[in-house]
Amino acid sequence: MKIASWNVNSVRARRERLFRWLATHEADVVCLQELKTTEADFPFDDLRAAGYHAVIHGQKTYNGVAILSRVEATDVERGFGDGGVDTQSRLIAARVAGVRVASVYVPNGQEVGSEKWGYKLAWLGCLRSWLDARCSPGEPLVLCGDFNVAPEARDVYDAAAWESTVLFHPDARSALERVRSWGFTDTLRIHHQEAGLYSWWDYRMLAFPKDNGLRIDHILASEPMARRCTAASIDRQERKGQLPSDHAPVLSEFRDA
DNA sequence: ATGGTTGCTTAGCAA
């Protein structure tokens with residue numbers, strides 16, 4: 001099973017690129033983030049024609065997450081399901097061919113110390129609570145998405161400079177580690193140890209040509225899935241050319257149970 | 001050096 005995760009930064013703006021990418025990579029499951037649209041404007045019909053079912057937790061203008069799958073998903077959950085205060089569409093989970101898949105868009109946090117920063121750290125705490133309450137480390141589970149946090153210095157082009165920002169601040173890294181330590185393995189690091197593997201580059205300041213990137217998109221696997229992980233990669237190619245997303249897709253492959 | 005770019009929505013915000 002080939003599983004991908006991609007922050008498309010508007011599914012409408014990325015429509016052509018998305019369909020071209022799906023046809024090229026033939027993933028079994030694709031988690032999307034930052035749809036920036038509701039179900040009304042989501043291309044369900046064209047995706048069906050391309051061979052994908054889709055379940056989405058949409059939102060107008062901001063956020064929005066989806067799971068595309070060759071096999072139809074069941075047991076769909078939208079949000080933390082706690083009847084709580086979270087009005088932003090940042091989590092969808094479902095079962096696909098015996099594997100539980102979650103697509104998350106963690107808040108960016110904007111500026112350390114801001115209200116949005118507090119929301120980011122609280123949201124990551126809610127994600128850990130959701131895992132504790134609704135999931136088991138012993139089940140086949142993959143948690144995919146834009147976490148808006150780079151785990152380690154080797155995931156950041158200039159760690160010292162980025163440590164004071166929301167994407168690599170020690171408090172953000174601690175909050176991410178608290179999620180990971182629930183029982184996940186970072187699948188990219190099963191297969192690749194080198195520094196400089198990035199999934200996001202700022203649109204500004206020639207960040208991509210200079211390779212000033214960070215690895216903030218992750219496919220985390222529970223132990224039963226980590227054992228089955230045979231490959232992991234980042235599709236840096238997709239960041240090139242005219243009007244790309246600012247994120248590259250990340251991919252991991254899993255052998256059958 | 002608070003710049004620079006993209007998307008949504010239409011002047012300003014979010015990333």
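Letters A, B, ... are given to chains in the order of the sequence lines, protein chains preceding strands, and every chain is numbered from 1. Note that the structure is predicted; figures quoted are calculated from it, not measured.
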Enquirer: Atom NZ of A/K36 and atom P of B/dC13: how far apart are they, to the nearest Å?
Expert: 15 Å
Enquirer: Among A/D155, A/D246, A/D235, A/D217, which one satisfies side chain to side chain donor-acceptor pair (under 3.5 Å) with A/S199?
Expert: A/D217
Enquirer: Tell me the interatomic distance from A/K60, atom NZ, to B/dT9, atom P, rounded to whole angstroms.
Expert: 4 Å
Enquirer: Taking only the side-chain heavy atoms of A/N9 (C-beta and beyond), determine which of B/dA15, B/dG7, B/dA14 contains the nearest atom.
Expert: B/dG7
Enquirer: Expressed in angstrom and rounded to an integer, what is the separation of A/R14 atom CZ from B/dT5 atom C1'?
Expert: 12 Å
Enquirer: For DNA chain B, whose closest nucleotide is more 5', that of A/W200 or that of A/P244?
Expert: A/P244
Enquirer: Mind checking A/Y105 for me? I need base, sugar-phosphate or nothing, with any heavy atom below 4.0 Å counting as a touch.
Expert: sugar-phosphate
Enquirer: For the side chain of A/T61, starting at C-beta, report the closest nucleotide among B/dT9, B/dG7, B/dA14.
Expert: B/dT9
Enquirer: Check for me, please, whether A/L214 and A/I234 land in the same ILVMFWY cluster - side-chain distances under 4.5 Å, paths through other members count.
Expert: no
Enquirer: Checking salt bridge (charged side-chain N to carboxylate O under 4.0 Å, His left out) for the pair A/E223/A/R227: CA distance, chi angles, key distance, verdict?
Expert: CA-CA 6 Å; A/E223 199 274 334; A/R227 251 191 343 236; 2.9 Å; yes
Enquirer: State plainly whether the residues A/E238 and A/R14 are in salt-bridge range, i.e. N to O under 4.0 Å.
Expert: no
Enquirer: Look up atom OG1 in A/T185 and atom CG in A/L188, then write down how far apart they are to the nearest 0.5 Å.
Expert: 12.5 Å
Enquirer: Quick one: which of B/dT9, B/dA14, B/dA15 gets closest to the side chain of A/E34?
Expert: B/dA15
Enquirer: Figure out the CD/P separation between A/Q59 and B/dG7, and round it to whole Å.
Expert: 19 Å
Enquirer: Please give, in whole Å, the distance from B/dA15 P to A/I216 CD1?
Expert: 12 Å
Enquirer: For DNA chain B, whose closest nucleotide is more 5', that of A/M205 or that of A/N148?
Expert: A/M205
Enquirer: Could you tell me whether A/L206 contacts a base, only the sugar-phosphate backbone, or nothing, with contacts defined as non-hydrogen atoms closer than 4.0 Å?
Expert: nothing
Enquirer: Provide, to the nearest angstrom, the distance between the CG atom belonging to A/N7 and the P atom belonging to B/dA15.
Expert: 11 Å
Enquirer: Could you measure between the two P atoms, the one in B/dT9 and the one in B/dG3, and give it in whole Å?
Expert: 26 Å
Enquirer: Work out how far the C1' atom of B/dC13 is from that of B/dA1, and round it to whole angstrom.
Expert: 23 Å
Enquirer: On a whole-Å scale, what distance lies between the P atoms belonging to B/dA15 and B/dT2?
Expert: 23 Å
Enquirer: Can you check the distance between B/dG4 and B/dC8, where both ends of the measurement are the P atom (answer in whole Å)?
Expert: 22 Å
Enquirer: Using whole Å, report how far OH of A/Y119 lies from C1' of B/dA14.
Expert: 14 Å
Enquirer: Please report the distance separating the C1' of B/dT6 from the corresponding atom of B/dT10, rounded so that it comes out in whole Å.
Expert: 15 Å
Enquirer: Step through it carefully: locate the ring centre of A/W123, locate the ring centre of A/F80, and say whether they are under 6.0 Å apart.
Expert: yes
Enquirer: Choose from B/dC8, B/dA14, B/dT5 the nucleotide whose nearest atom is closest to any side-chain atom of A/R204.
Expert: B/dT5
Enquirer: Find the distance A/N108:CG to B/dT5:P and express it as a whole number of Å.
Expert: 19 Å
